[in-house]
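Keep in mind that this is a model prediction, so the values were computed, not measured.
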Amino acid sequence: MTAQPATDDFEAHRPLLMGVAYRMLGRVADAEDVVQEAWLRWYHADREEIREPRAYLVRVTTRLAIDRLRQVQRRAEAYVGPWLPEPYLTEFAGTAPDSADRAVLADTVSLAVLVVLESLSPLERAVFVLREAFGYPYAEIATLLERTEPAVRQLAGRARRHVAEQRPRHDVEPAMRRELTERFLDAAGGGDLAGLMSLLAPDVRLVGDSGGKAKAPVRVLHTADKVGRFLVGAARTAPADRTHRFPETNGGPALLILTGGEPDSLFQVDIADGRITSVYVIRNPDKLRHLTAH
């Protein structure tokens, strides 16, 4: 196989590989590094001996991601304040042929689920991602991870129970989520505390991630009153050249605030029963830099 067919074959699988790596790591740059390393291994492999390129590439990517995850988990111990995944511009082309599959992928890439996945072991996380996000059979996962099928089933069950306990699922129509996000922007940006209170669940929480590099709460805020007052206060001190747009990140609409044309903050919300139950605020500039070109 010459260089061009090898490149074409790899590129056909890149969305899938990036999807696996990002869900494993929750970090865009690390996921891109893993996919690049998978490319190098693919390019230098004896591809005539590889009967199933997709299986080979997913296996290599998953194992590289497990190794990288062990490294970043050690680094995360020194992180300042709450940690949230890097926002990921959602693109399911090539990995989700129909709307049902896209809904599953969107759920498994949400900020809430990725935060829960951080508490899993690397192997549990790999099994969960391959099984729940991409529907791999247990036998195939066992082959990919060089584990027995009963061991993989046990890992999957443990991971699934943990995610279900920590993050109850609430199905929300995309249109409603977009509408509430826009109303949230109007109320917060206008300093409308009463309007915010009408959108926030009484037990809402706000999780701010700055990594110590920007202003954000160093602890999770709880209750509608505290969250609403914080958001109104933040809006009052916002720069005059603030603009915004609504990219789709992590499977749903997000609010991206820019100052001077550069990403400043990204907001995303969880919704249940028509109210906002969680507000995620990402202000760490290292996590927003990759959004500049989009």
Side-chain angles (χ1 to χ4, degrees), residues 1 3-76 85-97 101-102 104-110 113-114 117-118 120-147 149 151-152 155-156 159 163 249-251 290:
M1 186 183 293
Q4 189 57 48
T7 301
D8 293 344
D9 214 5
F10 183 88
E11 290 301 321
H13 294 96
R14 183 183 288 274
L16 169 63
L17 304 181
M18 188 65 189
V20 170
Y22 175 75
R23 285 169 178 79
M24 283 289 298
L25 296 163
R27 300 158 178 85
V28 174
D30 285 327
E32 289 174 340
D33 287 346
V34 161
V35 172
Q36 180 62 23
E37 178 62 26
W39 153 248
L40 292 174
R41 296 197 181 194
W42 165 254
Y43 184 78
H44 293 293
D46 183 358
R47 292 184 297 277
E48 297 300 327
E49 298 296 318
I50 300 173
R51 289 175 298 192
E52 298 181 12
R54 177 186 173 101
Y56 172 86
L57 290 168
V58 170
R59 180 173 68 250
V60 169
T61 299
T62 302
R63 291 179 180 174
L64 288 170
I66 288 173
D67 292 341
R68 180 64 65 95
L69 184 59
R70 288 171 175 149
Q71 296 171 14
V72 298
Q73 283 181 334
R74 288 193 292 270
R75 294 203 305 263
E86 289 183 33
Y88 182 52
L89 291 164
T90 309
E91 175 54 71
F92 297 139
T95 63
D101 287 340
R102 284 192 290 273
V104 171
L105 286 168
D107 185 63
T108 58
V109 82
S110 70
V113 167
L114 290 176
L117 293 188
E118 281 291 300
L120 299 179
S121 72
L123 274 177
E124 287 172 338
R125 189 161 180 167
V127 171
F128 182 89
V129 168
L130 293 172
R131 178 67 182 173
E132 301 300 319
F134 298 101
Y136 274 76
Y138 290 115
E140 191 167 351
I141 297 173
T143 299
L144 291 173
L145 298 179
E146 296 183 339
R147 296 291 189 277
E149 186 173 338
V152 165
L155 287 165
V163 172
T249 64
N250 298 84
H290 67 284

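Of the possible donor and acceptor atoms, none in the side chain of R147 sits under 3.5 Å from a partner among the backbone N and O of A142. Under a 3.5 Å cut-off, the side chain of N250 and the backbone N or O of V109 do form a donor-acceptor pair. Looking at R125, its side chain never comes within 3.5 Å of a backbone N or O of A159 through a donor-acceptor pair. Using modelled atom types, one side-chain atom of Y22 and one backbone atom of E86 make a donor-acceptor pair closer than 3.5 Å. In this structure, H290 contributes its side chain and Y88 its backbone to no donor-acceptor pair below 3.5 Å.
In this structure, H13 NE2 and W39 CH2 are separated by 13.5 Å, a value rounded to the nearest 0.5 Å. Summarising the geometry, atom CZ belonging to R41 is positioned 12.0 Å from atom CG belonging to L57; distances are rounded to the nearest 0.5 Å. Between M24 atom CE and T62 atom OG1 the span is 6.5 Å, to the nearest 0.5 Å. Put simply, CG on L123 and CG on L155 are 6.0 Å apart, with the number rounded to the nearest 0.5 Å. From E32, atom CD reaches atom CG of D30 across 9.5 Å, with rounding to the nearest 0.5 Å. Rounding to the nearest 0.5 Å places OG1 of T143 at 15.0 Å from OH of Y138.
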With side-chain contact (heavy atoms from CB on, under 4.5 Å) as the criterion, how do I50 and W42 come out once you've worked through the C-alpha distance, each side chain's angles and the decisive distance to 0.1 Å? CA-CA 10 Å; I50 300 173; W42 165 254; 3.8 Å; yes

Given E37 and L40, is the side-chain contact (heavy atoms from CB on, under 4.5 Å) satisfied, shown in steps? CA-CA 5 Å; E37 178 62 26; L40 292 174; 3.9 Å; yes

Give the intermediate values and the outcome of side-chain contact (heavy atoms from CB on, under 4.5 Å) for residues V35 and F10. CA-CA 10 Å; V35 172; F10 183 88; 3.8 Å; yes

Trace of the side-chain contact (heavy atoms from CB on, under 4.5 Å) decision for E140 with V152: CA-CA 10 Å; E140 191 167 351; V152 165; over 6 Å; no

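Heavy atoms only, all atoms of each residue included: R131 and P137 are closest at NH1-CA, 3.7 Å. Here the closest non-hydrogen pair linking I66 and A126 is CD1-CB, 3.9 Å. Here the closest non-hydrogen pair linking L144 and A55 is CD2-O, 3.5 Å. Of all the heavy atoms in V127 and A156, the pair that sits closest is CG1-CB, 3.5 Å. For the pair L64 and A38, the tightest heavy-atom approach, listed with the atom from each and the gap, is CD1-N, 3.7 Å. When all heavy atoms of V34 and A21 are compared, the closest pair comes out as CG1-CB, 4.1 Å.
Under the rule for a side-chain hydrogen bond (donor to acceptor under 3.5 Å, both in side chains), Q36 has no partner lying at least two apart in sequence or in another chain. For the salt bridge (Lys or Arg N to Asp or Glu O under 4.0 Å) test, no residue two or more places apart in sequence or in another chain qualifies with E49.
Side-chain contact between V58 and L130 is present, with at least one heavy-atom pair separated by less than 4.5 Å. Residues T108 and V129 form no side-chain contact, since every pair of their non-hydrogen atoms from C-beta on lies 4.5 Å or further apart.
E118 has a carboxylate O that lies under 4.0 Å from a charged side-chain N of R27, or vice versa, which qualifies the two as a salt bridge.
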